[in-house]
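By convention in this document, chain letters (A, B, ...) are assigned in the order of the sequence lines, proteins followed by strands, and residues within each chain are numbered from 1.
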Protein chains: 2
Amino acid sequence: MSSPIEDRCLQKGLKMTEQRRVIARVLSEANDHPDAAEVYQRAADLDPRISMATVYRTIRLFEDCNVLERLNFGDGRVRYEEASREHHDHLIDVKSGKIIEFQNTEIERLQREVAREFGYELVDHRLELYGIPLSGKQTASEEQ
Amino acid sequence: MSSPIEDRCLQKGLKMTEQRRVIARVLSEANDHPDAAEVYQRAADLDPRISMATVYRTIRLFEDCNVLERLNFGDGRVRYEEASREHHDHLIDVKSGKIIEFQNTEIERLQREVAREFGYELVDHRLELYGIPLSGKQTASEEQ
DNA sequence: TTATTTGCAAACTCTTTGCAAGCAA
DNA sequence: TTGCTTGCAAAGAGTTTGCAAATAA
């Protein structure tokens with residue numbers, strides 16, 4: 001039983017050890033944005049033969065292979081998510097910590113425009129919105 | 001000779017030591033986005049009686065008083081800039097590391113709209129654009 | 001078989017903290 | 001004077017690395 005991340009590693013010719021398979025599965029199955037310690041926790045639950053050092057080495061390997069994306073919401077923890085998924089930005093609920101993923105093509109278009117105004121071609125961007133729930137309103141998402 | 005940050009600290013009733021005055025001046029005079037080590041370097045050049053611990057404590061103090069803003073461009077270094085200045089976002093030249101500050105009210109409006117769609121009131125945001133210079137073009141800014 | 005990967009523990013980097021001495025108000 | 005601030009060195013948190021044993025291909 002392989003995971004999407006494992007498949008991408010195989011395509012790239014990486015040697016797949018049991019530890020890497022487990023970590024790939026943890027990351028593929030994560031619907032949230034775990035940090036290294038959380039990845040280790042979940043991987044160790046599946047297979048206790050995994051060490052923290054291997055988690056760090058594997059995370060870095062996956063990053064270098066562009067199968068994993070590093071997130072940094074400025075709270076001191078580096079978090080990760082699968083990189084193969086469709087592009088999106090993040091809306092963070094500052095009360096609960098809940099993270100909502102969204103896309104907005106109009107904002108993306110304006111970003112390219114801003115970059116071009118300054119003489120640049122946009123190659124990447126990072127957009128995070130921080131919000132508090134509107135009073136008396138149900139939030140529009142149930143994602144974690 | 002006081003600096004804008006020192007003035008704001010005095011308004012807030014902070015006890016101003018020589019160390020705090022020097023660090024405030026370093027931060028007020030910085031046109032770039034120094035990290036803690038760079039702040040220490042510049043402060044120690046002005047007054048060798050300053051320790052790294054004091055730099056960290058003072059940076060935190062200034063942050064808590066909202067005279068200093070924490071930046072995180074995802075390169076593993078936490079950087080700072082004076083918080084009293086007008087709001088802006090950052091365009092990072094990935095070739096040279098140059099950082100350009102910009103404002104775009106249309107993007108900001110769309111951000112509030114996105115947040116509201118999900119049932120949130122936008123309280124903060126972080127937007128960073130990463131670009132490479134358009135070939136054959138002069139970049140539109142000389143800022144560092 | 002053999003080059004790569006792993007676990008362990010030590011090392012490293014960045015940041016925070018306890019404490020006695022120093023200083024601003 | 002007196003409570004806040006400092007420098008120092010030690011402690012923490014998070015991450016990386018050297019090395020011998022284990023393992024995928």
Side-chain angles (χ1 to χ4, degrees), chain A residues 2-3 5-27 33-65 67-68 70-80, chain B residues 2 5-7 9-27 33-65 67-68 70-80:
Chain A
S2 74
S3 65
I5 288 181
E6 179 182 346
D7 294 342
R8 299 189 68 200
C9 291
L10 289 170
Q11 284 166 22
K12 287 170 185 284
L14 290 183
K15 184 188 283 192
M16 286 313 285
T17 64
E18 181 58 22
Q19 288 88 335
R20 288 184 181 172
R21 236 184 295 276
V22 168
I23 293 168
R25 189 172 144 204
V26 163
L27 290 165
H33 307 80
D35 63 8
E38 282 161 5
V39 172
Y40 170 68
Q41 196 60 60
R42 297 177 199 181
D45 285 348
L46 294 178
D47 183 343
R49 291 182 308 166
I50 289 178
S51 72
M52 196 72 219
T54 297
V55 168
Y56 275 110
R57 280 188 278 228
T58 304
I59 283 176
R60 162 169 288 196
L61 178 76
F62 288 174
E63 271 190 277
D64 292 345
C65 295
V67 299
L68 192 62
R70 172 189 298 254
L71 303 176
N72 199 320
F73 296 144
D75 59 355
R77 314 193 320 170
V78 177
R79 299 148 161 272
Y80 298 92
Chain B
S2 73
I5 288 182
E6 180 183 346
D7 294 342
C9 291
L10 289 171
Q11 285 166 22
K12 287 170 184 283
L14 290 182
K15 184 189 282 191
M16 288 311 286
T17 64
E18 182 57 22
Q19 287 89 336
R20 288 184 182 173
R21 236 184 295 275
V22 169
I23 293 168
R25 188 172 144 205
V26 163
L27 290 166
H33 306 82
D35 64 8
E38 281 162 5
V39 173
Y40 170 66
Q41 196 59 62
R42 296 176 199 182
D45 284 348
L46 294 177
D47 183 344
R49 291 181 309 164
I50 289 178
S51 73
M52 196 73 218
T54 297
V55 168
Y56 275 110
R57 281 189 278 230
T58 305
I59 282 176
R60 164 169 286 196
L61 179 76
F62 288 174
E63 271 191 278
D64 292 345
C65 294
V67 299
L68 191 63
R70 172 189 297 255
L71 303 176
N72 198 320
F73 296 145
D75 59 355
R77 313 192 323 168
V78 177
R79 300 147 161 273
Y80 299 91

Just how far, in rounded Å, is P of C:dA11 from OH of A:Tyr56? 19 Å
Rounded to whole Å, how long is the line connecting atom CD1 of A:Ile59 with atom C1' of C:dT5? 16 Å
Do any side-chain nitrogens or oxygens of B:Thr17 fall under 4.0 Å of OP1 or OP2 in D:dC4? no
Flag side-chain contact, heavy atom, 4.5 Å: A:Cys65 against A:Arg8: no
Between B:Arg20 and B:Lys15 (side chain of the first, backbone of the second, donor and acceptor by atom type, cut-off under 3.5 Å), is there such a pair? yes
Touch class at under 4.0 angstrom, heavy-atom based, for A:Met52 against every strand present: nothing
Do the side-chain N or O atoms of B:Arg57 get closer than 4.0 angstrom to the phosphate oxygens (OP1, OP2) of C:dT16? no
Using heavy atoms to find the nearest nucleotide of DNA chain C for B:Ala37 and A:Ser51 separately, return the residue whose nucleotide is more 5′. A:Ser51
Of D:dT15, C:dT6, D:dT6, the nucleotide closest to the side chain of B:Thr58 is D:dT6
B:Arg60 CZ to D:dT5 P, straight-line distance once rounded to whole Å: 14 Å
Looking at side-chain heavy atoms only, is the closest gap between B:Arg77 and B:Glu38 below 4.5 Å? yes
CG of B:Leu10 versus C1' of C:dA25: gap in Å, rounded? 12 Å
What is the distance, rounded to the nearest whole Å, between atom OH of B:Tyr40 and atom P of D:dT6? 14 Å
Criterion side chain to side chain contact (heavy atoms under 4.5 Å, CB included) on A:Gln41 and A:Asp45, from CA distance to verdict: CA-CA 6 Å; A:Gln41 196 60 60; A:Asp45 285 348; 3.8 Å; yes
Please determine, for the side chain of A:Lys15, which listed nucleotide (C:dT4, C:dC8, C:dA25) has the closest atom? C:dT4
Between C1' on C:dT6 and CG on A:Asp47, what's the gap in Å once rounded to a whole number? 12 Å
Most 5' of B:Ala53 and B:Arg20 on DNA chain D, judged by nearest nucleotide: B:Arg20
Rounded to whole Å, please give me the gap between CD in A:Glu18 and P in C:dT5. 15 Å
Whole angstroms only, please: what is the CG-P distance between A:Leu14 and C:dT4? 13 Å
Nearest-nucleotide pick for A:Thr54, side chain only, options being C:dT6, D:dA24, D:dT15: C:dT6
Electrostatic pair A:Arg21-A:Glu18, nearest N-O below 4.0 angstrom: yes
